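Only a predicted model underlies this, so the values are computations on that prediction, with no experimental measurement involved. By convention in this document, chain letters (A, B, ...) are assigned in the order of the sequence lines, proteins followed by strands, and residues within each chain are numbered from 1.
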2 protein chains.
Amino acid sequence: MALRHAVLAALLDGELSGYQLAKAFDVGVANFWYAQPQQLYAELTRLEKEGLVAGREVVQESRPNKRLFHVTDAGLAELETFTAAASKPAFVRDDLLVKVQAADRVDTAALVAQLTERAQVAQAKIDLFGSLLSRLRGDRTEEDFLRHGDRIGPYLTCLRGVAFEQENRDWCVRTIAVLEERRQSHVRP
Amino acid sequence: MALRHAVLAALLDGELSGYQLAKAFDVGVANFWYAQPQQLYAELTRLEKEGLVAGREVVQESRPNKRLFHVTDAGLAELETFTAAASKPAFVRDDLLVKVQAADRVDTAALVAQLTERAQVAQAKIDLFGSLLSRLRGDRTEEDFLRHGDRIGPYLTCLRGVAFEQENRDWCVRTIAVLEERRQSHVRP
DNA sequence: AATGAGTACTCATGTTGATGACTAGGGTTG
DNA sequence: CAACCCTAGTCATCAACATGAGTACTCATT
């Protein structure tokens, strides 16, 4: 039941519509969780019913009306409780890792192609997170921002996103090199 | 539907019983996936029904009999198909990140405690993976092993496990430092 | 002599997350 | 001017993952 808390945490940045929220979660810019639009709409409905968020209708012309949500005091209390409770350990669960685990017994050409693509995706995310970080910190240095900024949560999670994707990319590159070298030196039966 | 493939990939290391498999997946030594024992037993049953794995009964005295499973040719073909198909991108999904995202608005003392614990767990995993790596490579150097070893899949995934946990630990340490410093300098309202 | 831990599983149920299909108006572009 | 994309959602359904409880026998500990 962490999606609800992820939504609450995301809404701390200010009022958002379900659609805006979905954009953030979908692209994975929300580097601390991931969810489909439909899940978010459903969760917002539940959260509103329980009084943890409140929405207000914003009438728009030339496009559909939307509902902007913000976290209520009860929602903040819920986040507080959640934070105090033990976190369940985070596990890696990655299709690509499964494939690499089986690398000795399957065709490596397809695998190398996928590793290459993954490395590119990772690089794109590094760039994206990098620009997000510099936007968050403005003209301050990282040190200064982290000491005196007033909303460092997103910055810290983004830092982890960058580190994760760098590790991801480097590992892909390394693995590609290993697999390619083996393909050349000894042709598999 | 990647659990089935994770099981297949794990069974490439040799015959395993459901229980042994469960041990590997449960502790997270299986650094490429994670699952509960019950899921694995269920999956093994399905896989056997579909002919992707085959089991043989091993009669034991002084402890319950067990069934050892191995991957069939059909199972290997299935792994091949899986490897050729596109991988879905891997997302970070971590309770702790959600909490850090909300760090500006909740009690940081509890958060710091959890980050500390997470850092310790990460360090323990680094050590575990480290010894696993050296066991896998035996007396060879990493370079040599990756070039000429005959089962490098587990080694490569383990390398990623180490990198992931190191990043994890470092980020926790950094985040703790940031939060602690802010707690001292300006008391939150 | 009872308690607990380890091996080796099974069954049932519940919670989460993922997917596809659909509505509906406005703007853009070929 | 038709086709397509963007905003802003809803509804229904399915697959995947997680959890609790239970069986049964053995060995070591207290």
Rounded to whole angstrom units, what separation is found between the NZ atom of A/K88 and the P atom of D/dA18? 8 Å
5'-most contact on DNA chain D (nearest-nucleotide basis), A/Q38 vs A/K66, goes to A/K66
Between C/dG17 and A/Q36, counting only base atoms on the nucleotide and side-chain atoms on the residue, is there a donor-acceptor pair under 3.5 Å? no
Between C/dT10 atom P and B/N65 atom CG, what is the distance in whole Å? 12 Å
Check step by step if side chain to side chain donor-acceptor pair (under 3.5 Å) holds for B/D170 and B/Q166. CA-CA 6 Å; B/D170 294 346; B/Q166 279 171 350; over 6 Å; no
Which of A/Y34, A/W33, A/F164 passes ring-ring contact (aromatic ring centres under 6.0 Å, His included) with B/F91? Answer is A/Y34
Spacing of A/L16 atom CG relative to D/dG9 atom P, expressed in whole Å: 11 Å
Phosphate-side-chain proximity, B/R93 and C/dA18, N/O vs OP1/OP2 below 4.0 Å: yes
Rounded interatomic separation in angstrom, taking CZ from A/R67 and P from D/dT7: 20 Å
Please report the distance, rounded to the nearest Å, between CG in A/L40 and C1' in D/dT7. 16 Å
Within less than 4.0 Å of OP1 or OP2 of D/dT10, is there a side-chain N or O belonging to A/Y41? no
Parallel, tilted or perpendicular: which one describes the rings of B/F145 and B/Y155, with boundaries at 30° and 60°? tilted
If I take atom CD in residue B/E57 and atom P in nucleotide C/dA8, what distance separates them, rounded to the nearest angstrom? 12 Å
Determine: side-chain N/O of B/Y19 to OP1/OP2 of C/dT7, distance under 4.0 Å, yes or no. yes
For A/Y19, is the NZ or CZ atom of A/K66 found under 6.0 angstrom from the centre of its six-membered ring and inside 45 degrees of the ring axis? no
May I have the distance from A/E43 (atom CD) to C/dG17 (atom P), rounded to whole angstrom? 8 Å
What's the closest nucleotide to the A/P64 side chain, out of D/dG9, C/dA24, D/dT26? C/dA24
Given that A/A2 and B/P37 both sit by DNA chain C, which one's nearest nucleotide is further toward the 5' end? B/P37
Has A/E117 got more than 12 heavy atoms of other residues, nucleotides or ligands less than 6.0 Å from its CD? no
Quick one: is A/Q39 getting a side-chain N or O under 4.0 Å of the C/dT16 phosphate, OP1 or OP2? no
Any side-chain N or O of A/S62 under 4.0 Å from OP1/OP2 of C/dG25? no
Return the value, rounded to whole Å, for the distance between atom CD of B/Q60 and atom C1' of C/dG6. 12 Å
